[in-house]
Amino acid sequence: EEFTKEPSLQFVCQNVDNLLSVAATSQYAKIHDKLWVTLNKEINLLECDIYSYNPDLASDPFGEDGSLWSFNYFFFNKKLKRIVLFTCRALTPFSRSFYDEATLEDYEMEFV
C-alpha cells in the first residue's frame with residue numbers, strides 16, 4: 001500500500017529536480033548533470049522500474065516535526081540485480097532535528 005510504481009523516469013526526474021533546485025538553488029545546479037549521469041552509470045535508469053515509498057504519517061521515518069517534504073525512490077534494475085534508494089528530506093530551520101543533525105557538510109551536496 002505504501003509503495004507506488006512511478007509512471008515514468010521523466011516524472012521522477014522532474015520531481016527530484018524541482019524539489020532539490022528549490023532546496024539548494026545554486027548548489028543543485030552545479031551537480032545536476034553529474035547526479036543523473038552517475039545514477040545512470042550505476043543502474044541504467046531506462047531499464048529500471050521505479051517505485052516511491054509514501055508511508056502514512058504514523059510510520060513515516062521522516063515525518064518528525066519540522067519536516068517540510070521528503071522523497072524516497074527505489075530504482076530497481078532486475079537485469080543488473082541492483083537497487084538504488086534515492087532519498088532526501090528538507091527540514092525547517094526551526095525544528096530541533098535541524099539543529100541536532102546539521103553540520104557544515106549537510107549544506108553541501110556531495111556524491112559518495
Minimum heavy-atom distance S52-N54, with the two atoms named: OG-ND2, 2.9 Å
So, for S8 and F11, which heavy atoms are closest and what is the spacing to 0.1 Å? OG-N, 3.0 Å
Suppose we screen for side-chain contact (heavy atoms from CB on, under 4.5 Å). Which residues come up paired with [X], at least two apart in sequence or across chains?
X: K79; value: E47, N77
X: L19; value: N15, W69, F71
X: L9; value: C13, L45, L46, I50, F75
X: Q14; value: Q10

Roughly how far, to the nearest 0.5 Å, is [atom2] of [Y] from [atom1] of [X]?
X: Q27; Y: L20; atom1: CD; atom2: CG; result: 12.0 Å
X: Y73; Y: C88; atom1: OH; atom2: SG; result: 11.0 Å
X: L39; Y: N44; atom1: CG; atom2: CG; result: 11.5 Å
X: F74; Y: T4; atom1: CZ; atom2: OG1; result: 12.0 Å

Could you work out, with salt bridge (Lys or Arg N to Asp or Glu O under 4.0 Å) as the rule, every residue matching K5, not counting sequence neighbours? D49
In sequence, state the C-alpha distance, the side-chain angles, and the governing distance for F86 and L35, and then conclude on side-chain contact (heavy atoms from CB on, under 4.5 Å). CA-CA 11 Å; F86 186 9; L35 168 71; 4.0 Å; yes
Taken in chain and number order and not counting sequence neighbours, the residues that satisfy side chain to side chain donor-acceptor pair (under 3.5 Å) with Y51 are none
What residues form a side chain to side chain donor-acceptor pair (under 3.5 Å) with D17, not counting sequence neighbours? Y28, H32, W36
